[in-house]
K.L.:
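Before anything else, here's the structure in question.
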Amino acid sequence: MIASIARWLDSRTRAAKFARSIMNHVFPDHWSFMLGEIALYAFVILVITGTFMALFFDGSSADVVYHGSYAPLVGVHMSSAYQSVLHLSFDVPAGLVIRQMHHWAADIFLGAIAAHLLRIYFTAAYRKPRELNWMIGLTLLLLAIANGFLGYSICDDLLSGAGLRIGYSILLSVPVIGPWLTFLAFGGTIPVSATIPRLFAMHIFLFPALIATLIGAHLALIWRQMHTNYPGKGRNDRVIVGSRLWPSYTLKSIGLFLFVFAVVAALGSFVQIDPVWIYGPFKADAILPGAQPDWYLGWIEGAMRLFPSVNTHFGKWLIPEVFFPGFLFPAVVFILLYAFPFIDKLISLDFRAHNVLRMPWEQPFNTALGCAVLAFLSVLFVAGGDDVIAVAAGAPLAWMRELLRYLAFAAPLLTGVVAYAICETIRRRRSRAIPAQPAEPFERSEVNVEMR
Amino acid sequence: MSENGLHRERPDLDQATERKIRTTAWFATGVMLSWNLGKRVAFALFPSLCAQQSEKQVAASNPSQLANSDRPSSSRASDLNLTLAHETHLLRRRRWGTFLVGCSFAASIAGFLLFFTAYWTGGSNQMLGGGLALFLSGWAAAFIFWAHLLTAHKEAVEPREDMQPPARDREEFEQAFCDGSRELQRRGLLKLITATGLGFVALTVVSLFRSLGFNPNNALYTTVWKRGQRLMTEDGKTIRADTLEPGSTVIVFPEESLGSEKAQTVLVRVDPSQLQLPDSRHDWAPQGNLAYSRVCTHAGCAVGLYLRTAHMLMCPCHQSTFDVLRGAQPTGGPAARPLPQLPLYVDSDGNLRAAGGFSTPPGPGFWGMPS
C-alpha cells in the first residue's frame, strides 16, 4: 500500500532521492535546541486556535446592546467586537478554552523566542555563518511582540483600551512622521471606527503571513547550515553530531509538539487569562487602575514609568516624553541586537566561521554584558508593575520609583561584575583541570584557517 | 440510563446533578471500554508484552539458550556472562518501554473520552480542557517513551558541507549572468523602464495610503469645544456654577458631542481663594469651577482619579499627577505637559458654558504640537 503510493508519487515528483537525504539529516540532542522548536509549535497552535476564533470574532466597533448569557453585562452598550468575544467565551462550546489557549500559546510563543534568543546569545551561536539567521530571528521576535499586542487589543475591553491608547501615543510621538504613521495604523484619532478592523486585519493576515514566511526562511537556513554543536569529545567544525531525522528525531519532535499542545490546553482550561468580561467593555471616560500589559511589553511599560518627565524641543518642534522610553529605547535595544554578531567580531577579533558553540565561561565579557542587560530589563519589568507593588508593600510610589531608578543603574553593574567573576573562575578551573585540552582546539583552529 | 428513568427514581434531582451523574456514567463506561481497547491495541502492537511471562521463565531456566542463539558456542564463560547481562538489559528496557508506551496510550484515550463526553454533555470548561490536555500529553508521552526506550539509539555523525564555497561556483554564476545580460540589447532602455515602473508602483501605493485616512490635517489640533457650548454630563444634564460642592468633580462633555473621548473634560470645583492660576487665566474659573481635558498628556489614558485633599488629578496608567490649583501643571510621574484648560463662563441662566477651545491641543504630544 505505502509502496504503491510512494511509487505513484515518485514517478511524478522524483522525490524519493530527496526524501532519502532528508531522513538522514542529523539534529543535535541537547535540550536547549528545543527552545526554538517550542516557539515553532506554539505558532502552529496559535494558527489552529486562531483560525477557530476568527470564525466567531467580529472585527467591528459598531455599537450593540448585549443580550448573551453573561448576566452582569446584559443590557450594556458595547462594541460588536467585544460582544463577539463574550459570545465566544460563554455561548460557544469549548470557545473559552480555545480563546484562553490562544492567549497562553501567544505568551509561550514569546517566552520560547526570548529563551531561544538567550541560548543563542550566551553560546555565541550567532557567529559566522549564522548572522543572517540571527537577524531573521530578531525580526520574528519583533513581529511576535507586535502581533501579541494587536491580538489582545482587538478584544476592545477596558484594559486593552488603555494599552491601545498608550500604543497610539507612542506611535504619535515619533518625530516628523508620527502623526502620519498613527493615522495609517489606527485610522484617525482614537477611538474611531476604523481602528478595530484595521488592527484585526493586521493581526490575522499581515503579521501571521510575515511570521510564517520568516519562520520558513529561518528553518531553511537552519537546514542548509545545520545546527551548531556544543563543544565536547569528537565535536569539531567539520562534523555534526546528534540523532537522525528518521526515526529518533521525528518521534521526539512530534512528542514535543503534542506536549506543548497539552501544556497549552491545560493552562487554557485551568488558569484564567485575560478575563475581558471582568474588565468590562471599553468606554471613553472609564479607566482601569493597576493596568499592566502582557509580560513581553512589561519592560517598555517600566521604562515609560521610570523615564523622567522631560519636554524636549527641536527648534519649535516637540519631541514628547514618551518617545524616548517608548520608541527610541526599544529601537536602540533592537538595533544593538541586530548589530551584535558584528559587534562581537570587533570584541573577539574572530572573523572565522564556527559550528562548535562557545560556552558562556569562554566569553566572560559577552556573558557579563548579557547578564547586565538582562538585569536592566528585569528592573524595568518590575517597574512596569510598580504601582501594584507599592500598594502591596505599603510603600509610597514616588519612593519606590526613585529606588527603581537607582536600581536600574546599580543592578546591571553588579550583575555584570559578578557574572564576569564567575565566568573567569570557571574558565581557570577548567583549564587547570583539563591540561590535555590543547589537542582539540588546535585541530579546530586548523579547520578554521582552511575555511577562512 | 434514560432521562425518564432518572426522573422516576429520583424526582428530587436537579438538572445539574443529573447532568453530573450522566457525565460520570458515560465517562466510566468510556474508561472501561478504552482500557480494554487499549490493552488489545497494545498487545497487537507489541506482542512482547504477551510473551513477557514466558520469556522471563526461559531466560531464568536456561540462560545459555538465549545467548547461544547469536554467539558462537566457543565463547569463554566471562564473555558469555557479559553478553547475557547486556541482552537482559535490552530485554528489560524493551518491556519497560512497551509498558510505558501502552500506559501513555491508554491515558491518551481516557483523556479523549473525557473531552468527548464533556463536549457532548455540555460539561465544564475545566473538563473540556483537562480532557484535551490529558489526551495530548498521553499521546506526547507515548511518542517520547518510544523515542527513548524503543529506539536503538545510535549517535550519528555526519560531515558538514564546507562553509567556504568553491570560488568556481560564484565565477560560473557571474559568467552565466553576464552571458544572459549580453543577450539584452539596449540595456539602458530596460533600466529606464524598470525604474519608471517601480516609481509608478510607489506612487500607486502612496495614493492608496490616502484612502486609509493617511493625512491627519487638523484632527490632532481641534476638538468640538468652542465658545458658547454648554457643559453637560454624559446623560445630557446641564451644569450650573453651584451644582458641584467644592472638592468634588464631574465628567463633562460639550453639548454637541456627548461621550466624545477627545473632548472629555473633568470639571473640578475648588475654593476660589486657593486658586493660583496664571494672570492670563484669571477669569477662566467662575466661582472656582475649573475644567481640564481628561486625556492624559503623557500617553492618552483618561485622567480618572482626583486626590481631593492634595487638589491633584492623577492618571491611573502611569501615575502622573497634575496640580488642579495651578492650571494642572504636572507635579509627579512621567507627564511633562499640563492638562489643557477649558475657559468657562456663566450664562444668563446660570449654566456653565465654554468660553473657547482648550488652551492647547488635548492628548499626548506630537511633533507639530504648539507649546
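Just so it is clear: chains get the letters A, B, ... in the order the sequence lines come, proteins before strands, and each one is counted from 1.
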K.L.:
Just so I know, are the side chains of I166(A) and C301(B) near enough to count as touching, which here means a heavy-atom distance under 4.5 Å?
P.N.:
yes

K.L.:
Please look at I251(B) and chain A and tell me whether the side chain, the backbone, both or neither of the residue comes under 4.5 angstrom of a heavy atom of that chain.
P.N.:
side chain

K.L.:
Just verifying a value: how many Å separate Y249(A) OH and T151(B) OG1, rounded to the nearest 0.5 Å?
P.N.:
14.5 Å

K.L.:
Is chain B contacted by the side chain of A94(A), its backbone, both, or neither, given a heavy-atom distance below 4.5 Å?
P.N.:
both

K.L.:
Taking atom CH2 of W120(B) as the centre, does the number of heavy atoms from other residues, nucleotides or ligands within less than 6.0 Å exceed 12?
P.N.:
no

K.L.:
If you compare all heavy atoms of P320(A) against all heavy atoms of F366(B), which two are closest, and at what distance to 0.1 Å?
P.N.:
CG-N, 3.7 Å

K.L.:
Of the listed residues (M369(B), E155(B), R337(B)), which shares the most heavy-atom pairs with chain A below a 4.5 Å separation?
P.N.:
R337(B)

K.L.:
Looking only at non-hydrogen atoms, find the nearest pair between E261(B) and F282(A) and report the distance.
P.N.:
OE1-CZ, 3.5 Å

K.L.:
Which atoms of Q225(A) come close to chain B, meaning under 4.5 Å heavy atom to heavy atom: side chain ones, backbone ones, both, or neither?
P.N.:
backbone

K.L.:
Give, as side chain, backbone, both or neither, the part of I240(A) having an atom under 4.5 angstrom from any heavy atom of chain B.
P.N.:
both

K.L.:
Please classify the contact between H313(A) and chain B as side chain, backbone, both or neither, with a heavy-atom cut-off of under 4.5 Å.
P.N.:
side chain

K.L.:
Please determine, among S137(B), A299(B), P316(B), the option with the most heavy-atom pairs under 4.5 Å with chain A.
P.N.:
A299(B)

K.L.:
Please classify the contact of F259(A) with chain B as side chain, backbone, both or neither, using a heavy-atom distance under 4.5 Å.
P.N.:
both

K.L.:
Among the options M101(A), R224(A), Q100(A), pick out the one with the most heavy-atom pairs lying under 4.5 Å from chain B.
P.N.:
R224(A)

K.L.:
What distance do L258(A) atom CG and S108(B) atom OG have between them, rounded to the nearest 0.5 Å?
P.N.:
9.0 Å

K.L.:
Minimum heavy-atom separation for L96(A) and N125(B), please, with both atom names.
P.N.:
CD2-ND2, 3.6 Å

K.L.:
How many angstroms lie between CG in D387(A) and CD in Q319(B), if you round to the nearest 0.5 Å?
P.N.:
4.0 Å

K.L.:
To the nearest 0.5 Å, what is the distance between CZ (R165(A)) and SG (C296(B))?
P.N.:
12.5 Å

K.L.:
More than 12 foreign heavy atoms under 6.0 Å from CH2 of W139(B): is that the case here?
P.N.:
no

K.L.:
Go through A335(B), G131(B), G304(B), G332(B) and name the one with the most non-hydrogen pairs under 4.5 angstrom from chain A.
P.N.:
A335(B)

K.L.:
Would you sort out whether M304(A) and H298(B) count as a side-chain contact (heavy atoms from CB on, under 4.5 Å), showing the intermediate values?
P.N.:
CA-CA 9 Å; M304(A) 285 179 71; H298(B) 175 239; 3.9 Å; yes

K.L.:
As an exercise: rank I254(A), L306(A), L267(A) by heavy-atom pairs under 4.5 Å with chain B and give me the winner.
P.N.:
I254(A)

K.L.:
Please identify, among A118(B), G111(B), A156(B), the residue contributing the most non-hydrogen atom pairs under 4.5 Å to chain A.
P.N.:
A156(B)

K.L.:
Taking side chain as everything from C-beta outward and backbone as N, CA, C, O, which of these in F324(A) sits under 4.5 Å from a heavy atom of chain B? Side chain, backbone, both or neither.
P.N.:
neither

K.L.:
Is it the backbone or the side chain of D29(A) that comes under 4.5 Å from a heavy atom of chain B, or both, or neither?
P.N.:
side chain

K.L.:
Any side-chain heavy atom of E158(B) sitting closer than 4.5 Å to one from H25(A)?
P.N.:
no

K.L.:
Which atoms of P175(A) are under 4.5 Å from chain B, going by heavy atoms: the side chain, the backbone, both sets, or neither?
P.N.:
both

K.L.:
Flag yes if more than 12 heavy atoms outside F116(B) fall under 6.0 Å of its CZ atom; otherwise flag no.
P.N.:
no

K.L.:
Any sub-3.5 Å donor-acceptor pair from R198(A)'s side-chain atoms to L212(B)'s backbone N or O?
P.N.:
yes

K.L.:
Considering only heavy atoms from C-beta outward, does the side chain of R160(B) approach that of N229(A) to under 4.5 Å?
P.N.:
yes

K.L.:
How far apart are the closest heavy atoms of W180(A) and P216(B), and which atoms are they?
P.N.:
NE1-CD, 3.6 Å

K.L.:
Is it the backbone or the side chain of P159(B) that comes under 4.5 Å from a heavy atom of chain A, or both, or neither?
P.N.:
both

K.L.:
Find the one option among A302(B), G300(B), P334(B) whose heavy-atom pairs under 4.5 Å with chain A are most numerous.
P.N.:
P334(B)

K.L.:
Chain B: which of G268(A), G242(A), A291(A), G188(A) shares the most heavy-atom pairs with it under 4.5 Å?
P.N.:
G242(A)

K.L.:
P364(B) and S169(A): which non-hydrogen atoms are nearest, and at how many Å?
P.N.:
CG-OG, 3.3 Å

K.L.:
Which of the residues F143(B), W367(B), F253(B) is involved in the greatest number of heavy-atom pairs with chain A at under 4.5 angstrom?
P.N.:
W367(B)

K.L.:
Relative to chain B, which segment of V176(A) carries a heavy atom at a distance below 4.5 Å: side chain, backbone, both, or neither?
P.N.:
both

K.L.:
Taking the side chain as every heavy atom from C-beta outward, state whether S269(A) and L132(B) have any pair of such atoms under 4.5 Å apart.
P.N.:
no

K.L.:
Select one option (side chain, backbone, both, neither) describing which atoms of T189(A) are under 4.5 Å from chain B's heavy atoms.
P.N.:
side chain

K.L.:
For F270(A), does the CZ atom have more than 12 heavy-atom neighbours from other residues, nucleotides or ligands under 6.0 Å away?
P.N.:
yes

K.L.:
Does some side-chain heavy atom of L220(B) sit less than 4.5 Å from a side-chain heavy atom of L172(A)?
P.N.:
yes

K.L.:
Measure across L251(A) and A147(B) and return the closest heavy-atom pair with its distance rounded to 0.1 Å.
P.N.:
CB-CB, 3.7 Å

K.L.:
To the nearest 0.5 angstrom, please state how far the CD atom of E321(A) sits from the NE2 atom of H318(B).
P.N.:
10.5 Å

